[in-house]
Amino acid sequence: MQIHFTNEIENLKTNLIKMASLVDEQVEKAIVSLETGNVDLCKGIKAKDLEIDAYDNLIQTQCENILALFQPVAADLRFIISTMMINNQLERCGDIAVNIAQRVKKTKEYNSLVVESQISEMGKQARQMLKLAIDSFIYGDSQLAENVIKNDEIVDNLNKQAFHFLVSKMQSNPTLIEPAAHLIVLTRHIERLADHATNIAEDLVFYVEAKIISHKKKLQKLSNKGEEDN
Amino acid sequence: MIEQDLISKVVSLEDYSQKKFDTIIKVENLFAYFGELKALDNISLSIPKNSVTAIIGPSGCGKSTFLRCLNKMHQEIGGTTEGKIYYNGIDIENIDPVILRRNIGMVFQKPNPFPTMSIINNVVAGLKYNGVRDKKLLNEIAEICLKKVGLWEEVKDNLNRSGASLSGGQQQRLCIARTLTVNPEVILMDEPTSALDPIATTKIEDLIYELKKDYTIIIVTHNMQQAARVSDYTAFFYMGRLIEFSDTKKIFTNPSNKQTEEYISGRFG
């Protein structure tokens with residue numbers, strides 16, 4: 001029974017790693033095409049996303065089967081729960097890669113704006129966060145995951161800067177309104193990408209350290225405030 | 001407006017150390033022997049009142065011996081002990097075994113109704129043994145206890161039938177009803193469902209859940225999922241030692257000890 005269970009877990013982990021690699025490739029293509037304006041790189045991203053969706057269903061079914069048949073506990077249970085959550089995050093990252101690729105086709109003429117607004121830098125950072133979050137899962141490295149979580153602030157700040165930069169561009173030059181609007185939507189996609197990477201890292205910390213760290217700071221702040229008010 | 005209660009609950013979600021309970025049985029440095037053989041090795045723990053405590057561990061780890069020490073049954077079968085056990089703060093060495101067992105009842109692995117007695121006489125056997133003769137009172141108590149274990153509706157029309165004619169699950173509930181008649185505070189259960197089918201097991205588990213409002217239950221079980229389902233606290237024993245005792249949620253989600261983790265996840269034992 002134990003061998004059977006271990007094989008099921010290994011098989012699940014292998015599928016999640018395959019899916020993560022696929023998502024990483026898709027996101028890399030989308031971000032590089034954004035940086036370079038090379039829309040050829042975007043070809044095939046949408047079609048490939050179906051493969052990610054298939055992994056999503058496969059992993060969900062595997063998790064359901066393991067829960068029903070083996071009733072795992074402790075670290076095994078946390079592994080299944082975090083796998084289900086990471087699976088969900090990865091599937092959304094795959095969708096974001098498609099969204100970025102579609103948007104790049106509309107902004108390819110405005111590469112200088114992409115660089116000046118620091119969207120290319122923001123894309124690099126978000127992509128690196130996702131890559132490291134995936135690595136943290138593969139190696140079960142919660143320290144690496146915590147570094148990923150810290151980096152979310154960098155992307156958030158770049159997002160704010162890009163927004164202000166693009167708004168000022170639109171105000172000063174109305175011909176840039178359309179491309180700048182597309183780029184603002186792009187920053188939103190990239191910012192979400194970083195959020196998903198953060199979530200993956202938090203899920204990994206839950207698996208390795210049995211701690212729920214998402215929302216913790218905000219809730220602790222509110223809790224402390226409540227105690228002060230009382 | 002966010003509920004402050006909810007926030008505090010979430011913030012302290014994983015902090016099991018803050019959980020407070022009233023102790024009904026306190027065990028201090030308990031050793032138990034069968035001749036030269038040491039069955040329990042320096043056990044210390046406090047059993048929380050009005051809750052279910054599960055004792056888990058591989059065969060031969062001392063679970064049942066521990067249970068039997070709590071109502072001095074271990075000595076009854078030729079064993080010896082060292083250390084202290086306090087029931088409601090009183091050293092059990094100073095309590096008469098009959099009185100102690102009236103307060104700390106026991107249910108065994110195999111249902112053991114008295115085979116020659118009717119259902120009703122099985123239920124009130126303990127009361128009769130303790131000198132109660134009033135038939136009306138005996139019948140009233142029998143009905144209350146049979147209702148408590150969910151058996152009344154099934155047997156009320158055949159109370160004079162032999163106790164042994166009931167199914168295994170019904171017999172076990174009959175034995176629990178018999179334990180309840182003398183109004184114990186603590187019920188010890190030694191693998192009470194290991195001889196039962198899943199439906200009868202569910203009925204006993206539901207009963208345990210109901211009974212903990214009024215009683216303290218200590219259950220020895222080999223079934224890990226049963227321990228997870230029915231208990232509030234879990235103690236893991238291994239080779240006569242208490243390896244870990246904690247909130248059941250903690251034991252089954254994030255045990256502190258590696259041996260506990262390996263045992264509950266089926267990697268040894």
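So that the names make sense, note that chain A is the first sequence line, chain B the second, and so on, each numbered from 1.
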Derivation and outcome, side-chain contact (heavy atoms from CB on, under 4.5 Å), residues B/N254 and A/E209: CA-CA 9 Å; B/N254 185 26; A/E209 295 186 9; over 6 Å; no

Just wondering, more than 12 heavy atoms not from [X] lying within 6.0 Å of its [atom1]?
X	atom1	value
B/R229	CZ	yes
B/I77	CD1	yes
B/F34	CZ	yes

What residue pairs, at least two apart or across chains, pass salt bridge (Lys or Arg N to Asp or Glu O under 4.0 Å) with a residue in residues 42-60 of chain B?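 Every salt bridge (Lys or Arg N to Asp or Glu O under 4.0 Å) pair that includes a residue of residues 42-60 of chain B, provided the two are not neighbours, is B/K49-B/E185.
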
Closest non-hydrogen atom pair between [X] and [Y], with its separation:
X	Y	result
A/D76	B/R267	OD2-NH1, 2.9 Å
A/Q71	B/Q225	O-NE2, 3.6 Å
B/I264	A/V73	O-CG2, 3.3 Å

Give a yes or no answer on whether the side chain of B/E261 reaches the backbone of A/A74 with a donor-acceptor pair at less than 3.5 Å.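 A pair under 3.5 Å: no.
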
Could you give the side-chain donor-acceptor pairs of residues 152-165 of chain A under 3.5 Å, partners two or more places apart or in another chain?
residue	atom	partner	partner atom	Å
A/N157	ND2	A/E153	O	3.4
A/N159	OD1	A/T187	OG1	3.4
A/Q161	OE1	A/Q118	NE2	3.2

Choice from B/A228, B/S265, B/P255 maximising heavy atom contacts with chain A below 4.5 Å: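 Counting heavy-atom pairs under 4.5 Å, the top option is B/S265.
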
